[in-house]
> 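The following block contains the structure, expressed as structure tokens.
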Amino acid sequence: MAKNEKLFEAICTGNRKLVEQIVNQQVAAGAKVVELLNDSMIPAMRSMGDKFSRNEVYVPEMLIAARAMQAGLKIIEPILAQAGHKPLARVCVGTVKGDLHDIGKNLVAMMLKGAGYEVDDLGVDCDVAKFEAGVSRGARAVLCSALLTTTMPYMKTVTEALKGKGVKIIIGGAPVTQQYASEIGADGYGADANEAVKIMDAQLGVR
Amino acid sequence: MTVHITAHGRTRHAEPTPDATLAEVWERAGWPLNTRCGGQGVCRGCRVSLGAGVYRIGRETVTVGAGETRETLACQTRVLSADARVEAPAGSLLETQGQIVDDFVLPTVMPDPTVRQLTVTVPESAPKAPASDWDRLAAELRRALPAERVEGGLDVLRALPLALRAGARVTGTAARLPDGWRVLEAAPEAAAGPALVAAVDIGTTTVVVVLADPARGIILRRAAQYNQQIRKADDVAARISFCRQPEDLRLLQDLVIQQTINPLLRQVCAAADVAPERVLRLAVAGNTVMAHLFLGLSPEGLGRLPFQAVRHVHPVGRARELGLAMHPAGLVDVLPSIAGYLGGDVAADIHVAQLLQRPEPTLLVDMGTNSEVVLSAADHLAACSTAAGPAFEGAGLLHGRRAAPGAIEHIVFGPALDFQCFVIGGGRPDGLCGSAIIDFMAEGFRNGLINAQGRFDIARLKQRGCYAHIRLKRGATHACVLVSADGSATGQAIAITEMDLSQVLKAKAATYAGMKTLLQLHGRKFTDVRRFVLSGGFARHINLRNAITLGLLPDLPLDRFEVIGNGALAGAYLALVDAAALPAMEALVRRPRVVELNRTADFENNFIDALLIPNLHADEFPS
């Protein structure tokens, strides 16, 4: 299926209602949802991510677009599951113990879904056990977020607990730096949501 | 070993102690750098440029050759060779002066001060029924106050025989405690000095001290300066992280008391021509973390879930224990906290705005780096805190700065982009503060210069000759030049970038979404709000109409807004001059339902909706 320009545009401009309307129409008309996803929706989010990296769009527009994407995914996810669609890989994301901030983490989760990953969102205030549970459900990578300098040290605890278990550990959040990631032995660091996707692609060698 | 440090075109020569970081060298030389992350090498606030010499950066030894420079973080760098030259850009230096807001609006109160000075005639001891000096003084004071219980410490007993030797007229200064009165001082009438009080607002950024005469109910002097704790860490979380060790906690306590409050107390007393010892009682309002650091209590539990304080309602403290520059027997009241992120400043706001006394649905917001929101109505009281980030205070914007002399505070322009800038203190501007960027975005949106997503009409900017393409570390961004290089105080053009606009959008969205979510949780809408109270310094200076156009404040008739100024300072002042105030605040802290926005499903949606100008739901902004 060729790219559905209207859907692509609706996601990029964050028009949630229009995205839902187009996706519903397409589903009703018997379109192949996998193609809708791969040819229009994922490219839209990837395009937003690239623009974000080039400073052509900023966090507010990213969040609005991601929410529109989420609305579209919600409609097609059950159909994809039924069709036995294979995502790029399964990964889990969570904000570390003691921290309740989730908007940044949700954007990362959204960008990953938008890029074709299956995302197990562990929520906020995640202790090691929650991350371990994510791994036992098949996650090949763990993404930890922290927004406070007071909660950031818990990333070290998570990294130490999961090291050597065959899972990649990627960290991010406002106070986090590449230097900190290296110091605690994490596999990667994403300065923003789009970089998180790129690091994930590189670490898992999926693209 | 000498290090030559340069800033603002001037050079100072420092002699660092072995192993001092460059950040410490600068601080000791009197030019503290912005180490807001607590010197952890995270915030990049203390960037400096190294000239020729040998240095240790982190664990690595680095040699900078003659004629070369290298950028580094001062907090991570030590000097190994003699005569090294280091230069700091103006943006890395901590500003030390600010325009300080200390005006406030008080409700009508019956003055009933918590410190009183009374001159009584102490009778001679009757030979038939001998009574001690203290019993005779206490009996007179009980009658004069009047009070059932009057007690006094050893200092008073020591001074009493001397006072009585001078004559029967003795001036006693007494302070009200929950269970009676405590005599703080007894002096011969002729020798007694005035009994004054001081109210203190400890903000994360700014500390304000007001000297008052409780008997006359008037404010004598006021003074303010930055909270010197910013030298170590500039936001609340960074301060919590900073004091993991007891000595670091003591250092922060010392910075706020010895380096901030005491100099201010000496300053206001000198201006009023009284000795600091004439301050007999002090009341402090601040957020929960500030209250903890002032008292030397560990804020560790406030740094992560469940954001637990050591204590919310504090006993009356002693000046002596805290090392305050006031009467050594003086008393210290600390306003009570509601929760980890809702401190004594919010308790003060609620009390000063009389939210419990007035039945109409009221929304109170104290805007700052953290905005606190309180919703009250006849049947409920709820509060939450929302993280707006530092954009309202001018920080984090390319040419943003705090509201201090030299900052643009208001901007007016029409479709021709004829920018008229109003500068605090007049003269050429060196940047712009939060209220100015609110004006700029609102005017820009009305004129079609800025669209709902916060992007410029580039063609318009180019046509009017005020377009700039600015390269930043994170990439390039479009910008609007507000003041050309020859019109600014810095010799550089002052511009607003699209990245700045996106920062403000996030800040305004967090604030608006916090208010909306709290209302929704209680089944209400903005239009149900009859009274909208704005507290804090930033709100005192914004143009309300523009804040509504931007979508920071809801679209309500302007007469529903009430600006009360510094509610925290007003609360501290009331605690001293109205004996009912502190008990009322201590009683109200248990009342609000504390809402954790991050645990409220609607918050994220409301936040994203509010990222547009004025809002994705334009119908919320009919005018």
> Tell me, do A:F131 and A:L162 make a side-chain contact under 4.5 Å, heavy atoms counted?
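Contact flag for A:F131/A:L162 side chains = yes.
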> Quick check on B:F607 against chain A: is it the side chain, the backbone, both or neither that has a heavy atom closer than 4.5 Å?
side chain
> Heavy atoms only, distances under 4.5 angstrom: which of B:E498, B:K506, B:R244, B:E300 has the most pairs with chain A? Name it, please.
B:E498
> A:L147, A:D192, A:D125: which one forms the most heavy-atom pairs within less than 4.5 Å of chain B?
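Of A:L147, A:D192, A:D125, A:D125 has the most heavy-atom pairs under 4.5 Å with chain B.
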> Taking the basic N atoms (NZ, or NE/NH1/NH2) and the acidic carboxylate oxygens, is any pair closer than 4.0 Å for A:E61 and B:R455?
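A salt bridge is present here (some side-chain N lies under 4.0 Å from a carboxylate O).
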> With sequence neighbours left out, write down each residue that passes salt bridge (Lys or Arg N to Asp or Glu O under 4.0 Å) with B:R56, or none if nothing qualifies.
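With sequence neighbours excluded, B:R56 shows a salt bridge (Lys or Arg N to Asp or Glu O under 4.0 Å) to B:D19, given in chain and number order.
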> Establish, from distance only, whether the side-chain atoms of B:N615 and B:H617 form a donor-acceptor pair under 3.5 Å.
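Result is no, nothing qualifies.
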> Highest number of heavy-atom pairs under 4.5 Å with chain B: which of A:V57, A:V59, A:L100?
A:L100
> Heavy-atom pairs under 4.5 Å with chain A are the metric here; pick the option from B:R599, B:M499, B:Q503 that has the most.
B:M499
> If you count heavy-atom pairs under 4.5 Å between each of B:D609, B:L612, B:L616, B:T477 and chain A, which one has the most?
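Highest number of pairs under 4.5 Å: B:D609.
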> How would you list, by chain and number, every residue that makes a ring-ring contact (aromatic ring centres under 6.0 Å, His included) with B:F603, sequence neighbours excluded?
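ring-ring contact (aromatic ring centres under 6.0 Å, His included) list for B:F603, sorted by chain: empty.
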> Determine the option with the most heavy-atom pairs under 4.5 angstrom with chain B, choosing from A:I103, A:T13, A:N55.
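Of the candidates given, the most pairs with chain B belong to A:N55.
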> Is the closest basic N to carboxylate O distance between A:R46 and A:D201 below 4.0 Å?
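Looking at A:R46 and A:D201, the cut-off is met.
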> With chain A, which of B:L611, B:L505, B:I240, B:V236 has the greatest number of heavy-atom pairs at distances under 4.5 Å?
B:L611
